[in-house]
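Starting from 1, each residue takes its place in the sequence as its number. All ligand and atom numbering here is 1-based and tracks the order in the structure. It should be emphasised that the depicted structure is a prediction, and the values quoted were computed from it without experimental measurement.
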Amino acid sequence: MIATHQYLVAVIGAGPAGLFGARELANLGARVVLFNRDIKPGGLAEYGIYPNKYTMKSGLRKQFRQIMDIPNLDYYGNVTVGSQGDLTLDDIRALGFQAILVTAGAQGTKWLGLPGEDLEGVYHAKDVVYFYNGLPPYSQKPFRFGKRCAVIGAGNVMLDITHFLSREEKVDEVIAVVRRGPVEVKFDKKEMEYVIDNLDQAALDVEIQRVSPIMQAVDQNPMAARASILEALPKALPKVSDTRFRFEFLASPVQMIGDSKGKLTQVELEDNILVAKDGDTKAKGTGNRRRLDVETVIFAIGDKVDESFGLPVEWNEFVKSPSPRFPIDGHSYESTFEDVFVGGWSRQASSGLVGVARKDGTNASKVVWQYLQTKQPIEPKLQSIAEKVKSLGKPVVLKEDVKKLEAAEIAEAQKRGLEAFKYDNNDQMLQAMGLKETV
Ligand SMILES: Cc1cc2nc3c(=O)[nH]c(=O)nc-3n(C[C@H](O)[C@H](O)[C@H](O)COP(=O)(O)OP(=O)(O)OC[C@H]3O[C@@H](n4cnc5c(N)ncnc54)[C@H](O)[C@@H]3O)c2cc1C
Ligand SMILES: NC(=O)c1ccc[n+]([C@@H]2O[C@H](COP(=O)([O-])OP(=O)(O)OC[C@H]3O[C@@H](n4cnc5c(N)ncnc54)[C@H](OP(=O)(O)O)[C@@H]3O)[C@@H](O)[C@H]2O)c1
């Protein structure tokens, strides 16, 4: 039986942090309403994880489905919250929500403010990832993947983009531009397996040789770093293109150069050295500059939170209360507003795998629950919430609609003989759910 008096909580964002966080709160007895920008739940698990990781994606979808079936949890998809969104934080408060948990991921773009960032052919990894994962509106945008592409960064996102460029776009060359050296790369061996057959090993050896004196100056072992990068070789996935994948270590982009039509033609790099600092290293520019001929530059350097959300932002993150009332493991899950909490990539941008986001969302919910114990349960005005959402003047997606969409996609995959099928525009999704007429 559902109690008449409950705590009422809004969870903003239905990625792994929001979904597992919502489950925690619902299990504790709160009435939870999830608002999600995308039509579908899942966040980056749906629209970030590489499309062909079918087993992982379907396993996560199954867990998300179970969460969506929890009776004291409502879902409103296609609803953006924020100062320029469909609902503001104040709108949410006015609907009677006693606490707001923000698990909206890190949707801002971490541009470096370099000249030429606005040229055609210069992109941020998140947009490219959303594009090839079929998330509207990115799935409908034109991208220019040229013959020679530079990807800035040395994390797993850089490898995912390289995977896409070498196995789908089949470009001529992918150059990973890394500001520090071979020791500081952050990607995992497993992800390297997808692209290592395209790696130009001779070029890697020349590059390791080139940067060896700089590495040795900070007591690094170049050959050990080389071996670590090549660890994925025994399990290399056979290549499907002649794309040449190579690294440019110890280099930072300083400007992008375009032609008279505003199209990227070159990226200018500044060479770096390594400086030992507090047991780690830092990249320091030498002033020496050189240019690479490229038609595409993709920044895979991590993300920042959405500055237009309505919460103060400092550096790449929402400002957290420095003296949290309910810290967990020394971390603050509290914003500077007493009733607004943060979890997952909204608490710490670009940090870790789905399992980390799941734990973080769950922790954030534990904090929300502790806060709620200082309040009285209320009689949630669920009808008023439903009416407000209905009045937004756009199709709003409910739990049962998501089920219809999933069923339609499964049927479409079977019809086409595919492992999985995904609608990549909102109209088709809305039509599949019966929320928009077919034209
Ligand atoms: C390219 C890429 C590949 C990855 N691959 C893997 C992998 O293979 N394995 C793995 O374990 N991890 C992987 N990760 C990491 C994993 O995806 C993240 O750890 C996790 O998704 C973060 O969860 P989150 O809920 O904090 O944010 P997100 O997953 O980003 O979810 C945010 C949710 O908030 C919603 N939202 C955003 N703004 C608003 C708003 N204003 N109002 C309402 N809703 C909003 C979005 O629609 C979305 O549903 C990958 C990440 C990236 C970027
Ligand atoms: N398949 C998977 O399992 C998978 C796939 C994608 C993402 N993920 C996870 O998602 C998280 C985010 O991944 P990510 O690749 O975005 O982040 P990441 O692992 O933190 O890597 C970011 C890279 O960008 C570099 N960088 C940052 N700022 C820079 C700047 N101003 N100029 C030049 N380079 C800069 C970093 O270099 P420094 O080291 O010098 O800072 C680093 O090499 C990670 O936890 C990752 O494991 C997992």
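- Of the listed residues (G352, S351, G155), the one carrying the non-hydrogen atom nearest atom 21 (O) of ligand 2 is G155.
- Across the listed options M56, K186, K282, K126, K186 owns the non-hydrogen atom lying nearest to atom 19 (O) of ligand 2.
- At the shortest separation from atom 9 (N) of ligand 1 among protein heavy atoms lies M56 SD, 3.7 Å.
- Proximity of D303 to ligand 1 is not established, as no heavy-atom distance is less than 4.0 Å.
- Taking a 4.0 Å cut-off on heavy atoms, V356 fails to register as neighbouring ligand 1.
- For ligand 2, the atoms sitting less than 4.0 Å from at least one non-hydrogen atom of W345 are 10 (O), 11 (C), 12 (C), numbered in the order shown with element in parentheses.
- Of the options R180, M158, R179, the smallest heavy-atom separation from atom 28 (N) of ligand 2 is shown by R179.
- Distance from atom 48 (C) of ligand 2 to its nearest protein heavy atom, with residue and atom name: L353 CD2, 3.4 Å.
- Close approach of ligand 2 to K110 is summarised as follows: ligand atoms under 4.0 Å from at least one heavy atom of the residue are 27 (C), 28 (N).
- At least one N or O atom of P16, backbone or side chain, sits closer than 3.5 Å to an N or O atom of ligand 1.
- Geometrically, R179 does not engage F249 in a cation-pi contact defined by less than 6.0 Å to the ring centre and at most 45° from the axis.
- Per-residue contacts place G352 under 4.0 angstrom from the following atoms of ligand 1 (heavy atoms of the residue considered): 15 (C), 18 (C), 19 (O).
- A parallel orientation is assigned to the rings of F143 and F145, their planes being inclined by less than 30° (bins at 30° and 60°).
- Atoms of ligand 2 lying under 4.0 Å from at least one heavy atom of A300, given by number and element, are 22 (C), 23 (C), 24 (O).
- Aromatic ring pairs are classed by plane angle as parallel below 30°, tilted from 30° to 60° and perpendicular above 60°; the pair F318 and F309 is tilted.
- Below 3.5 Å of separation, one finds an N or O of V354 facing an N or O of ligand 1.
- Taking the six-membered ring for Trp, F35 and Y75 have ring centres at least 6.0 Å apart.
- Residue contacts with ligand 1: Y132 is placed with no nitrogen or oxygen under 3.5 Å of a nitrogen or oxygen of the ligand (distance criterion only).
- Here atom 24 (O) of ligand 2 lies nearest to I301 when heavy atoms of I301, D280, V151 are compared.
- For atom 17 (O) of ligand 2, no protein non-hydrogen atom is found at a distance below 4.0 Å.
- Interface of G48 with ligand 1, defined as ligand atoms under 4.0 Å from a residue heavy atom, comprises 1 (C), 2 (C), 3 (C).
- Not a single heavy atom of G85 sits less than 4.0 Å from an atom of ligand 1.
- Scanning the protein for heavy atoms near atom 31 (O) of ligand 1, the closest one is G15 CA, 3.4 Å.
- Ring-plane geometry between F131 and F164 is classed as perpendicular, the angle between the planes exceeding 60 degrees on a 0 to 90 degree scale with a lower cut at 30.
- Close N/O approach between Y130 and ligand 1 is not found [any backbone or side-chain N/O within under 3.5 Å].
- Figure legend: K141 and Y138 shown as a cation-pi pair, the cationic atom lying under 6.0 angstrom from the six-membered ring centre and within 45 degrees of its axis.
- Residue V157 holds the heavy atom nearest to atom 7 (C) of ligand 2 of all those in V129, L114, V157.
- Residues forming a side chain to side chain contact (heavy atoms under 4.5 Å, CB included) with K190 (at least two apart in sequence, or on another chain): E193, Y194.
- In summary, the atoms of ligand 1 found under 4.0 Å from a heavy atom of I12, numbered by their order in the structure, are 42 (N), 43 (C).
- Considering backbone and side-chain atoms together, S351 places no N or O closer than 3.5 Å to any N or O of ligand 1.
- Atom numbering of ligand 2 starts at 1 in the shown order; those under 4.0 Å from a heavy atom of D160 are 5 (C), 6 (C).
- In summary, the aromatic rings of Y371 and F341 are positioned with their centroids under 6.0 Å apart.
- At a heavy-atom distance under 4.0 Å, no atom of K126 approaches ligand 1.
- Close contacts between ligand 1 and V79 involve ligand atoms 43 (C) [criterion: under 4.0 Å to a heavy atom].
- An N or O contact shorter than 3.5 Å is missing between T80 and ligand 1 by distance.
- Ring centroid separation for the pair F247 and F245 comes in under the 6.0 Å cut-off.
- Among the atoms of L353, some N or O lies under 3.5 angstrom from an N or O of ligand 1.
- Taking distance alone, with nitrogen or oxygen atoms compared against 3.5 Å, A106 stays at or beyond that limit from ligand 1.
- Every N/O-N/O distance between K40 and ligand 1 stays at or above 3.5 Å.
- If you number the atoms of ligand 1 from 1 as listed, the ones under 4.0 Å from a heavy atom of V81 come out as 40 (C), 41 (N), 42 (N), 43 (C).
- Using 4.0 Å as the threshold, K53 has a heavy atom nearer than that to some atom of ligand 2.
- Contact between G302 and ligand 2 is present, with at least one heavy atom of the residue lying under 4.0 Å from the ligand.
- The shortest N or O to N or O distance between G344 and ligand 1 is not under 3.5 Å.
- Protein heavy atom at the shortest distance from atom 46 (C) of ligand 2 is N156 ND2, 3.9 Å.
- For CD of E400, the number of neighbouring non-hydrogen atoms (other residues, nucleotides, ligands) closer than 6.0 Å is greater than 12.
- Under the 4.0 Å distance rule, the nearest protein heavy atom to atom 50 (C) of ligand 1 falls outside the cut-off.
- Remark: ligand 2 atoms within the under-4.0 Å shell around heavy atoms of A154 are 23 (C), 42 (C), 43 (O).
- In this structure, the side chains of Y333 and D360 come closer than 4.5 Å at one or more pairs of heavy atoms.
- Note: F299 and W111 have perpendicular aromatic rings, judged against thresholds of 30 and 60 degrees for the angle between ring planes.
- Every side-chain hydrogen bond (donor to acceptor under 3.5 Å, both in side chains) that E317 has, sequence neighbours left out, goes to K320.
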